[in-house]
Amino acid sequence: MKQHLQHPVFSTISKLAAEHNVQAYAIGGFVRDIFLDRPSKDIDIVIIGNGIQFAESVAQKLKVKLSVFKNFGTASLKYQDLEVEFVGARKESYRLDSRKPIIENGTLDDDQKRRDFTINALALSLRPESFGELLDPFNGIGDLEQKLIRTPLNPVETFSDDPLRMMRAIRFASQLHFKIDETAVEAIKSNVERISIISQERITEEMNKIILSAKPSIGFNYLFDTGLLHKIFPQMTALYGVEYIDGKGHKDNFYHTLQVLDNICETTDDLWLRWAAILHDIAKPATKRFEPGHGWTFHGHEDRGARMVPKIFTQLKLPLNEKMKFVQKMVQLHLRPIVLAQSIVTDSAVRRLLFEAGEDIESLMLLCKADITTKNEYKVKKYRNNFELVQQKLKDVEERDNMRNWQPPVTGIDIMELFGIKEGREVGIIKNQIREAILEGEIPNSREEAIKYTIAKGAEIGLKVVVKE
């Protein structure tokens, strides 16, 4: 293991540990990631004794600034390309109403027992006489080899003490493509109600990490199967299930959504586009109707879904800024390219889509492609071919008409000055008529043609030009 401890920060810690006669260990994620062959720039150092005091000696030796967090008993420093956090070994006990532990000084054994998972309890000695020696009391290496998430102690107690660990177990399973030990899965199921003591911000932080993993459906399946998703995001669980009437059923929109999410993760790392994939059909349960002789319909689910986005973002403590508006736009427009792909594409329909999507048109097309989840190869090929035609049409119309982020060439102020009128109903009517005329291709997208059109439309409602353009 010594070859993984070549960075000069480790030799400094080792020498100071000998000088101060203390035991020092690298522990947790850094050690785990060595065995997973993943680069890690964050190092946790546990000291048997006063972690902050020892960190002060290291910072002084390395001539770097130390940040001390006395409330947490930790200190951290940045050295070259690494961030190093120091803490004294401790044992923890918990109250039922809080995940904040009562902390006492402890041994390395105590510290490893308090770790969330066996794969995060691995430690490497930094003492000169045992430098690089691995301490693995819970067979974390075996669990890494078996791709298994398991707790060092009884999982029921582990998850009851700190219920956020349930989310973390699922997040690690999703990120690492691991399985969760069956006894741990059952422990999550029995502790589901305990998630209520965790702040929404911490829950959403873990959920976002699941969403950002390579295959988020792993995490969401665990969330659903354990019952956690029902507590933290009930609107998503409402998508689950298939109803039949007269022998006609609809697809299971929960598993369809997971497939769309996995699909889009193959083409983008954008968290908010991934959220759009999660929410694109969120209003289907509310808009589901059965029409005799036709089957199941979800008319208007895109409009209803877009209206649901702000409430869901508020509930999950997600940002209520342009990121939310982007997701709202994607949900609102997600059917539009699909409709274009299934019918004869007119220039006016393409112009409208470019106008409404603006700079987000490429993101919208990625979402729509991800929304093709049919197993019918003929349909998949047909939809993809049609999408290519739509994309070419988008490109052609964009190059010709320059409609992306388009604003009509005649403004409300222009109209008021042209006819010598104040802001009012007439201005709004003429603005809408200009926009519709350009989008429908009745007039070119130019100021000169728009002014002529404005004068003609003004005359129809009795307005006369007082200022010549």
Q. Would you say T204's side chain and E201's backbone share a donor-acceptor pair under 3.5 angstrom?
A. no
Q | NZ/NE/NH1/NH2 to OD/OE distance under 4.0 Å, E302 and R336 | A | no
Q.
Apply side-chain contact (heavy atoms from CB on, under 4.5 Å) to residues H280 and H256 and explain how you reach the verdict.
A. CA-CA 11 Å; H280 79 288; H256 163 72; 3.4 Å; yes
(Q) Do the side chains of E19 and K15 get close enough for a salt bridge, i.e. N-O under 4.0 angstrom? (A) no
Q.
Looking at Q328 and A306, would you say the former's side chain and the latter's main chain have a donor-acceptor pair under 3.5 Å?
A. yes
Q.
For a 4.5 angstrom cut-off between non-hydrogen side-chain atoms, does V260 reach I278?
A. no
Q) Which atoms form the tightest heavy-atom contact between R115 and N120, and what is the distance? A) CD-O, 3.5 Å
(Q) Main chain of R90, side chain of D111: is a donor-acceptor contact present, judged purely on distance under 3.5 Å? (A) yes
Q. Is there a side-chain contact between K251 and K284 (heavy atoms, below 4.5 Å)?
A. yes
Q) Measuring from I203:CD1 to I232:CD1, what's the distance to the nearest 0.5 Å? A) 6.0 Å
Q | Main-chain N/O of T107 paired to D110 side chain as donor or acceptor, under 3.5 Å | A | yes
Q: Check the pair S174 / Y222 against side-chain contact (heavy atoms from CB on, under 4.5 Å), numbers first and verdict last.
A: CA-CA 9 Å; S174 202; Y222 272 123; over 6 Å; no
Q. Is the shortest heavy-atom distance from the side chain of L135 to the side chain of L122 under 4.5 Å?
A. no
Q: Say whether D262 and S217, considering side chains only, have a donor N or O and an acceptor N or O under 3.5 Å apart.
A: yes
Q | Lys/Arg-Asp/Glu bridge criterion (N-O < 4.0 Å) met for D116, R165 | A | no
Q. When you check the side-chain N and O atoms of N208 and W275, is any donor under 3.5 Å from an acceptor?
A. yes
Q) Can we say D109 and K113 salt-bridge, meaning some charged N sits less than 4.0 Å from an Asp/Glu carboxylate O? A) yes
Q: Could you tell me which non-hydrogen atom of P310 sits nearest to which non-hydrogen atom of M324, and how far apart they are?
A: CA-SD, 3.6 Å
Q | Validation row: L108, Y25 side chains within 4.5 angstrom (heavy atoms) | A | yes
Q | L144 side, atom CG; L176 side, atom CG - distance, nearest 0.5 Å | A | 8.5 Å
(Q) Once side-chain hydrogen bond (donor to acceptor under 3.5 Å, both in side chains) is applied, what residue pairs with a partner in residues 50-68 remain, sequence neighbours excluded? (A) H20-S57
Q: Decide yes or no for E266 and K215: does some side-chain heavy atom of the first lie under 4.5 Å from some side-chain heavy atom of the second?
A: no
Q.
Taking D269 first and then R274, would you say they form a salt bridge - that is, a charged N and a carboxylate O separated by under 4.0 Å?
A. yes
Q: State whether the number of non-hydrogen atoms from other residues, nucleotides or ligands found under 6.0 Å of K147 atom NZ is greater than 12.
A: no
(Q) Applying salt bridge (Lys or Arg N to Asp or Glu O under 4.0 Å) to E206 and R202, what does each step give before you reach the verdict? (A) CA-CA 6 Å; E206 291 298 327; R202 298 303 300 273; 5.5 Å; no
Q.
For F298 and H250, I'd like to know if the aromatic rings sit close, meaning centre-to-centre distance below 6.0 Å.
A. yes
Q. So, do F35 and L134 sit near enough that their side-chain heavy atoms are less than 4.5 Å apart?
A. yes
Q) Okay, side chain of T74, backbone of V87: is any donor-acceptor separation there less than 3.5 Å? A) no
**Q.** From CG (L320) to NZ (K311), nearest 0.5 Å
**A.** 14.0 Å
Q. With a 4.0 Å cut-off, would you call D360 and K329 a salt bridge?
A. yes
Q. Between D136, D143, T151, D181, which is the residue that forms a side chain to side chain donor-acceptor pair (under 3.5 Å) with T118?
A. D143
**Q.** Side chains of V58 and F86 in contact at under 4.5 Å (non-hydrogen atoms)
**A.** yes
Q) What closest approach, in Å, do N253 and D281 show between heavy atoms, and which atom pair accounts for it? A) OD1-OD2, 4.2 Å
Q. Short question: side chain of Q112, backbone of A121 - any donor-acceptor pair under 3.5 Å?
A. yes
Q) So does R304 have more than 12 non-hydrogen atoms from other groups sitting under 6.0 Å from CZ? A) no
Q. Any salt bridge between R38 and D33, counting N to O under 4.0 Å?
A. yes
Q.
Could you measure the distance from the OG1 atom of T158 to the CZ atom of R150? Nearest 0.5 Å is fine.
A. 11.0 Å
Q: Of all the heavy-atom pairs spanning M308 and A283, show the shortest one and how long it is.
A: SD-CB, 3.7 Å
**Q.** Evaluation steps, side-chain contact (heavy atoms from CB on, under 4.5 Å), between H7 and Q80
**A.** CA-CA 10 Å; H7 196 285; Q80 295 180 4; 3.3 Å; yes
(Q) Tell me if a side-chain donor or acceptor on T268 pairs with a main-chain N or O of C265 at a distance below 3.5 Å. (A) no
Q: Mind running salt bridge (Lys or Arg N to Asp or Glu O under 4.0 Å) on E133 and R127 for me, showing each step along the way?
A: CA-CA 9 Å; E133 180 184 315; R127 285 277 296 187; over 6 Å; no
Q. Does the side chain of L229 come within less than 4.5 Å of F254's, by heavy atoms?
A. yes
Q.
I'd like to know whether the aromatic ring centres of F10 and F30 sit less than 6.0 Å apart in this structure.
A. yes
Q. In Å, rounded to the nearest 0.5 Å, how long is the span from CD1 of I45 to CG of L124?
A. 9.5 Å
Q | Aromatic plane relationship, Y240 with F224 - under 30° parallel, 30 to 60° tilted, over 60° perpendicular | A | tilted
Q: May I ask you to check if K248 and W296 form a cation-pi contact, with NZ or CZ under 6.0 angstrom from the six-membered ring centre and within 45° of the axis?
A: no
Q: Mind running salt bridge (Lys or Arg N to Asp or Glu O under 4.0 Å) on K325 and E322 for me, showing each step along the way?
A: CA-CA 5 Å; K325 289 175 184 173; E322 70 283 350; over 6 Å; no
Q.
As an exercise, state the distance from CZ of F233 to CG of L228, rounded to the nearest 0.5 Å.
A. 14.0 Å
Q: Check whether the side chains of Q235 and Q315 place a donor and an acceptor atom closer than 3.5 Å, and report yes or no.
A: yes
Q | Atom NZ of K288 with >12 non-hydrogen neighbours under 6.0 angstrom | A | yes
(Q) Checking L279 against I282 for the side-chain contact (heavy atoms from CB on, under 4.5 Å) test, could you report, in this order, the C-alpha distance in whole Å, the side-chain angles of both residues, the deciding distance, and whether it holds? (A) CA-CA 5 Å; L279 296 177; I282 201 69; 4.1 Å; yes
Q.
For a quick test of reading the model, state the closest non-hydrogen atom pair linking H334 to C368 and the distance between them.
A. O-SG, 3.1 Å
**Q.** Closest non-hydrogen atom pair between A173 and I180, with its separation
**A.** CB-CG1, 3.8 Å
